[in-house]
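Inspection log for the structure reproduced underneath, given as structure tokens.
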Amino acid sequence: MTDKQAKLEIGTDSLDLPVLQGSCGPDVVDIRKLYGSTGKFTFDPGYKSTASCESALTFIDGEEGVLLHRGYPIGQLAENSSFMETAYLLLNNDLPSQGELDDFTYTISRHTMLHEQLMQFYRGFRRDAHPMAIMCGVVGALSAFYHDSTDISDPDHRKISSHRLIAKMPTIAAAAYKYSIGQPFVYPDNSLSYTGNFLRMTFGVPAEPYEVNPVVEKALDRIFILHADHEQNASTSTVRLAGSSGANPFACIAAGIACLWGPAHGGANEAALNMLKEIGTPDRIPHYIERAKDRNDPFRLMGFGHRVYKNYDPRAAVMQKTVREVFDSLGVKDPVFETALQLEEIALNDDYFREKKLFPNVDFYSGIILSAIGFPTTMFTALFALARTVGWVAQWNEMISDPGQVIGRPRQLYTGPTERDYLSMDKR
Ligand code: ACO
């Protein structure tokens, strides 16, 4: 709390509201007593001006292009840590010692298998089912198998179910892919890293050994770090809202997956790659730039713009560098990457994009790498869900551990009919 107060005047009534101060970021006007004191609600569709919770996990300064996890800049984490280390940090507040990291990695690796009966669920889906449809179903179904960790009031249960979710997500996502291409499921190999294991389960086959390419492994691990958490975005808020009623964590994460699926959120990397392929060659860029600027054309530059970042998305910078590393190492030359680089340069020098503060976001380059690694576009959002599970689980734990936690229940501005009497059928 600061000593500042906000004064709200409605007609002749006035109300002093406390102003809260976080460790970073804008002050927050505390309106919790507003309805009780004035009988009025606030109206903020899309939560453009509303903080829905207190959180100590992730901080974003969208104007400056800053993203911190537990205080550590995303660029430093992407450069120096691993996905397991970042996961530990998000869950436990501090970077682990070597012993803590080894224990955590070991624990996660011991939860990678799925109940065998759950593997049979896959056969109930059509072969052409979208991996996200399968993920929603299978992750939700985890709650039917792991009853021994769904008492959310028990911290040990919460910890075990968190570990299970993080550990099983690669197995679930890889199996969704294998099912779609008609290949046998590949079971986890716990001697591999979290990301190496996922690559093997996705691209390996039982008929021959699979060798993990260390450059690809590192690049994908970094992509997972970049997607691990992003404060109160739509899917995380969905997980929190679902969890606020006391629903079990598996059901809550399934809700997050459903929300992430949308093209304005997790589906944007797929859309960005499709757009870059459609543009095809740099000479066609000006035509698409003009389309993006035309108010009468619904076309938008996918992978550009962000609700929070009004500066270069720090994740996009790391992503662009990673594309170069992967391409150099694999000897890949992809005209789509050249098109992306030139599109970025042209857009960043265009008054329309500068004035509206539209910069590349994390999705602009991620599809290019994922495609080079061999993932079909339908898997892109599933990979995002896999990585974001860490953030969802950490945010869910933070919420449940908060003694002041209450069920999330927004109000509304009602615009429907006022009270009227029921009309019998012959009077309608
Ligand atoms: N291309 C062209 N114009 C754009 C773009 C774009 N990508 N993004 C925003 N604008 C324009 C809008 O037309 C609008 O113009 P106006 O003021 O003249 O009407 C203005 O910029 C503000 O746009 P809003 O949609 O109001 O901004 P908002 O913050 O609500 O939207 C969003 C953010 C949804 C990400 C938007 O920038 C967009 O659609 N981008 C493309 C999709 C995308 O890349 N999404 C990924 C987000 S990152 C993630 O989820 C991981």
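Each ligand, and each atom within it, is numbered from 1 in the order the structure gives. Just so we're clear, the structure is a prediction, and the values are computed from it rather than from any experiment.
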For residues 251-271, tabulate all N or O donor-acceptor pairs below 3.5 Å that involve a side-chain atom, not counting sequence neighbours.
from: H265; atom 1: NE2; to: N233; atom 2: OD1; distance (Å): 3.4
from: H265; atom 1: NE2; to: S235; atom 2: N; distance (Å): 3.3
from: H265; atom 1: NE2; to: S235; atom 2: OG; distance (Å): 3.0

Enumerate donor-acceptor pairs with a distance under 3.5 Å from any side-chain N or O in residues 330-339 to protein atoms, sequence neighbours excluded.
from: D334; atom 1: OD1; to: V336; atom 2: N; distance (Å): 2.9
from: T339; atom 1: OG1; to: G280; atom 2: O; distance (Å): 3.2
from: T339; atom 1: OG1; to: P335; atom 2: O; distance (Å): 2.9

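Listed by chain and number, the residues in a side chain to side chain donor-acceptor pair (under 3.5 Å) with K277 amount to none (sequence neighbours excluded).
Ring centers of F375 and F380: at least 6.0 Å apart, outside the cut-off. Side-chain rings of Y210 and F203 stay apart, their centers remaining 6.0 Å or farther from each other.
Other residues, nucleotides and ligands contribute more than 12 heavy atoms inside 6.0 Å of the CD atom of E63.
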For ligand 1, output the ligand-protein N/O contacts shorter than 3.5 angstrom; if there are none, return none.
from: ligand 1; atom 1: 1 (N); to: L301; atom 2: N; distance (Å): 3.1
from: ligand 1; atom 1: 3 (N); to: Y352; atom 2: OH; distance (Å): 3.0
from: ligand 1; atom 1: 7 (N); to: L301; atom 2: O; distance (Å): 2.7
from: ligand 1; atom 1: 7 (N); to: F304; atom 2: O; distance (Å): 2.9
from: ligand 1; atom 1: 13 (O); to: R300; atom 2: NH2; distance (Å): 3.3
from: ligand 1; atom 1: 18 (O); to: R295; atom 2: NH2; distance (Å): 2.8
from: ligand 1; atom 1: 18 (O); to: K356; atom 2: NZ; distance (Å): 2.9
from: ligand 1; atom 1: 25 (O); to: R300; atom 2: NH1; distance (Å): 3.0
from: ligand 1; atom 1: 25 (O); to: R300; atom 2: NH2; distance (Å): 3.0
from: ligand 1; atom 1: 29 (O); to: R307; atom 2: NE; distance (Å): 3.2
from: ligand 1; atom 1: 30 (O); to: R307; atom 2: NE; distance (Å): 3.4
from: ligand 1; atom 1: 30 (O); to: R307; atom 2: NH2; distance (Å): 3.2
from: ligand 1; atom 1: 39 (O); to: R300; atom 2: NH1; distance (Å): 2.8
from: ligand 1; atom 1: 40 (N); to: F304; atom 2: O; distance (Å): 3.0
from: ligand 1; atom 1: 44 (O); to: G303; atom 2: N; distance (Å): 2.8
from: ligand 1; atom 1: 44 (O); to: N361; atom 2: ND2; distance (Å): 3.0
from: ligand 1; atom 1: 50 (O); to: H265; atom 2: O; distance (Å): 3.3
from: ligand 1; atom 1: 50 (O); to: H265; atom 2: ND1; distance (Å): 3.4

